[in-house]
Asker: 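After the structure tokens below, expect a handful of questions from me.
Atoms considered below: every heavy atom in the structure, side chains included; atoms not considered: hydrogens, waters and symmetry mates.
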Amino acid sequence: MEKSELQTVETSSSKKVIDDRRFRLKSRLEWRVKGESKDHHKTRVVSHDEQFRHYFRDVHHRRNRRCRFPIVPVRPDGEETTVMIKNIPSKYNRDMLVNFLENHCMVENAKENEIGEESTFAFDFVYLPIDFRTGFNKGYAFVNFTKAIAAWKFLLTASKKKWELFLSDKIRDVVAARLQGFENLVHHFESMNFPCASDEVLPLCFSPPRDGMIKGNQWTIGRLRY
């Protein structure tokens, strides 16, 4: 076969490959937009429930791919009272976290009282896990509120914001904890051993619950190994 004929065959073959790729891409695009026009997207009204499902699918499903336990968002009509706060700066200790929570509760309760509503925010349990090799926290904490509506409002008012101390760029994230409720938390942690000599790393319980104004008793749960 002559050189010119080889070039013609190669050109025809390349053109066929390109045409095949364009056909497959066109088919995928047609499949995605089948039955939906531009006007359809503009005039469509998306319900709150559908927005919630899209948020769960787009955000939490990606995070769950490598997680041992699925991440569940705090729901506006749910019964979750225990939340996990994520992306905590490593230098935060338990007392700093408690102060942050008390200040947040005080501010938000004052806002509710100004408009004639009953105070919502109060918490009775805090645990900030510590990496005992480094002495810093592990970047997340568990907080139990006394009302499910408080957990939902905490998501709205505290999530997606920066921390004030240490000039950290980390953005707070709030999700529902796997273990829910004060009694379940106490039962889970009271028999746990902590390889440390200081009770400053142990989970804290409060009675009466802390709301930024009331200062009641507090006690730790768990066992120190050293």
Asker: Should V186 and C205 count as side-chain neighbours, where that means a heavy-atom distance under 4.5 Å?
Answerer: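 Yes, at least one pair of side-chain atoms sits under 4.5 Å.
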Asker: Can I171 be reached from I88 by stepping across I, L, V, M, F, W or Y side chains whose heavy atoms are under 4.5 Å apart?
Answerer: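 No, because I88 and I171 fall into different hydrophobic clusters, even though each may have its own neighbours under 4.5 Å.
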Asker: Using every non-hydrogen atom in the two residues, find where W219 and S207 come nearest and quote the distance to one decimal.
Answerer: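 The answer is CZ3-CB, 3.6 Å.
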Asker: Give a yes or no on whether the backbone of M96 and the side-chain of N93 come within a donor-acceptor separation of less than 3.5 Å.
Answerer: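 Such a contact is found between N93 side chain and M96 backbone.
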Asker: So, Q180 side chain and T82 main chain: donor-acceptor pair closer than 3.5 Å or not?
Answerer: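 Yes: the side chain of Q180 pairs with the backbone of T82.
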Asker: Which of these, R178, R75, K147, sits in a salt bridge (charged side-chain N to carboxylate O under 4.0 Å, His left out) with E80?
Answerer: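 Result for salt bridge (charged side-chain N to carboxylate O under 4.0 Å, His left out) with E80: R75.
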Asker: Could you go through R223 and E190, starting from their C-alpha distance and side-chain angles, then the distance that decides it, and tell me whether this counts as salt bridge (Lys or Arg N to Asp or Glu O under 4.0 Å)?
Answerer: CA-CA 7 Å; R223 302 171 182 173; E190 65 183 355; over 6 Å; no
Asker: Taking all atoms of both residues into account, what is the closest heavy-atom pair of L202 and R94, and its distance?
Answerer: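 Answer, listing the atom of L202 first, then R94: O-NH1, 2.7 Å.
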Asker: Does Y140 belong to the same Ile/Leu/Val/Met/Phe/Trp/Tyr cluster as F136, with side-chain heavy atoms less than 4.5 Å apart forming each link?
Answerer: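 Unlinked, Y140 and F136 end up in two clusters.
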Asker: Donor-acceptor pair, R210 side chain versus A122 backbone, under 3.5 Å?
Answerer: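 Absent.
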Asker: Is it the case that atom CG in N193 sees more than 12 heavy atoms from other parts of the structure closer than 6.0 Å?
Answerer: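 Check passes, neighbour count above 12.
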Asker: Donor-acceptor pair, K161 side chain versus T157 backbone, under 3.5 Å?
Answerer: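 Checked: pair present.
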Asker: Count I, L, V, M, F, W, Y as connected when their side-chain heavy atoms are under 4.5 Å apart, and connections chain through other members. Are M106 and L165 then in the same cluster?
Answerer: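 The answer is no; the residues belong to distinct hydrophobic clusters.
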Asker: What distance do S198 atom OG and F132 atom CZ have between them, rounded to the nearest 0.5 Å?
Answerer: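 CZ of F132 is found 9.5 Å from OG of S198.
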Asker: So does E79 have more than 12 non-hydrogen atoms from other groups sitting under 6.0 Å from CD?
Answerer: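 Not buried by this count: 12 neighbours or fewer within 6.0 Å.
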Asker: Hey, is the main chain of K138 close enough, under 3.5 Å, to the side chain of D131 for a donor-acceptor pair?
Answerer: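 Answer holds: no.
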Asker: Would you name the heavy atoms of C105 and F145 that are closest together and state the gap between them?
Answerer: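 Taking C105 first and F145 second, the nearest heavy atoms are SG-CE2, 4.5 Å.
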Asker: CG of N99 to NE2 of H104: how many Å apart, nearest 0.5 Å?
Answerer: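 Those atoms lie 14.5 Å apart.
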Asker: Quick check: is M84 connected to M192 through a chain of hydrophobic side chains (ILVMFWY, heavy atoms under 4.5 Å apart)?
Answerer: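 Yes, M192 connects to M84 through the hydrophobic network.
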Asker: Step by step, would you call S119 with N113 a side-chain contact (heavy atoms from CB on, under 4.5 Å)?
Answerer: CA-CA 6 Å; S119 298; N113 294 334; 3.2 Å; yes
Asker: Hey, what's the ring geometry for F142 with F189, parallel, tilted or perpendicular (30° and 60° as the breaks)?
Answerer: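 Rings of F142 and F189: tilted, as their planes differ by 30° to 60°.
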Asker: Using distance alone, with no hydrogens and no angle criterion, decide if N144 and D124 have a side-chain donor and acceptor under 3.5 Å apart.
Answerer: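 Yes, because at least one side-chain N or O of N144 sits under 3.5 Å from a partner of the opposite role on D124.
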Asker: Looking only at heavy atoms, what is the nearest atom pair of N184 and L179, with distance?
Answerer: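 In this case the closest contact between N184 and L179 is O-CD2, 3.7 Å.
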Asker: Does E108 form a salt bridge (Lys or Arg N to Asp or Glu O under 4.0 Å) with K111? I'd like the steps, not just the answer.
Answerer: CA-CA 5 Å; E108 295 303 323; K111 292 179 181 179; 3.5 Å; yes
Asker: Which pair of non-hydrogen atoms, one from K86 and one from W163, has the smallest distance, and what is that distance?
Answerer: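 Taking K86 first and W163 second, the nearest heavy atoms are O-CZ2, 4.5 Å.
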Asker: If you round to the nearest 0.5 Å, how far is CG of N87 from CG of D169?
Answerer: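 CG of N87 is found 11.5 Å from CG of D169.
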Asker: Given 3.5 Å as the limit, does a donor-acceptor pair link the side chain of D211 with the main chain of I214, or not?
Answerer: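 The answer is yes, because a donor-acceptor pair under 3.5 Å joins these two groups.
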Asker: Hey, could you give me the CD/CG distance between E200 and L128, rounded to the nearest 0.5 Å?
Answerer: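 The CG atom of L128 is 12.0 Å from CD of E200, to the nearest 0.5 Å.
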Asker: Determine whether more than 12 heavy atoms belonging to other residues, nucleotides or ligands lie under 6.0 Å from atom CD of Q218.
Answerer: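 More than 12 within 6.0 Å, yes.
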Asker: Please assess I85 against D173 for the test side-chain contact (heavy atoms from CB on, under 4.5 Å), listing each intermediate value before the final yes or no.
Answerer: CA-CA 6 Å; I85 307 176; D173 194 10; over 6 Å; no
Asker: Under 3.5 Å, is there a donor-acceptor pair between the T120 and E112 side chains?
Answerer: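 There is such a pair between these side chains.
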Asker: Identify the two heavy atoms, one from V83 and one from A151, that lie closest to each other, and give their separation to 0.1 Å.
Answerer: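 Closest heavy-atom pair between V83 and A151: CG1-CB, 3.8 Å.
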Asker: Report whether F154 and V107 are members of the same hydrophobic cluster (ILVMFWY, side-chain heavy atoms less than 4.5 Å apart, transitive linking).
Answerer: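 Different clusters.
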Asker: When you measure from the side chain of T146 to the backbone of F123, do you find a donor-acceptor pair of N or O atoms at a distance under 3.5 Å?
Answerer: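 Flag not set: sc T146 to bb F123 has no pair under 3.5 Å.
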Asker: Verify whether the ring centers belonging to Y92 and F166 lie closer than 6.0 Å.
Answerer: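 Centroid distance Y92-F166: below 6.0 Å, so yes.
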Asker: Check whether R225 reaches the backbone of A197 with its side chain - one donor and one acceptor, N or O, closer than 3.5 Å.
Answerer: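 Side chain of R225 to backbone of A197, a donor-acceptor pair under 3.5 Å: no, none is there.
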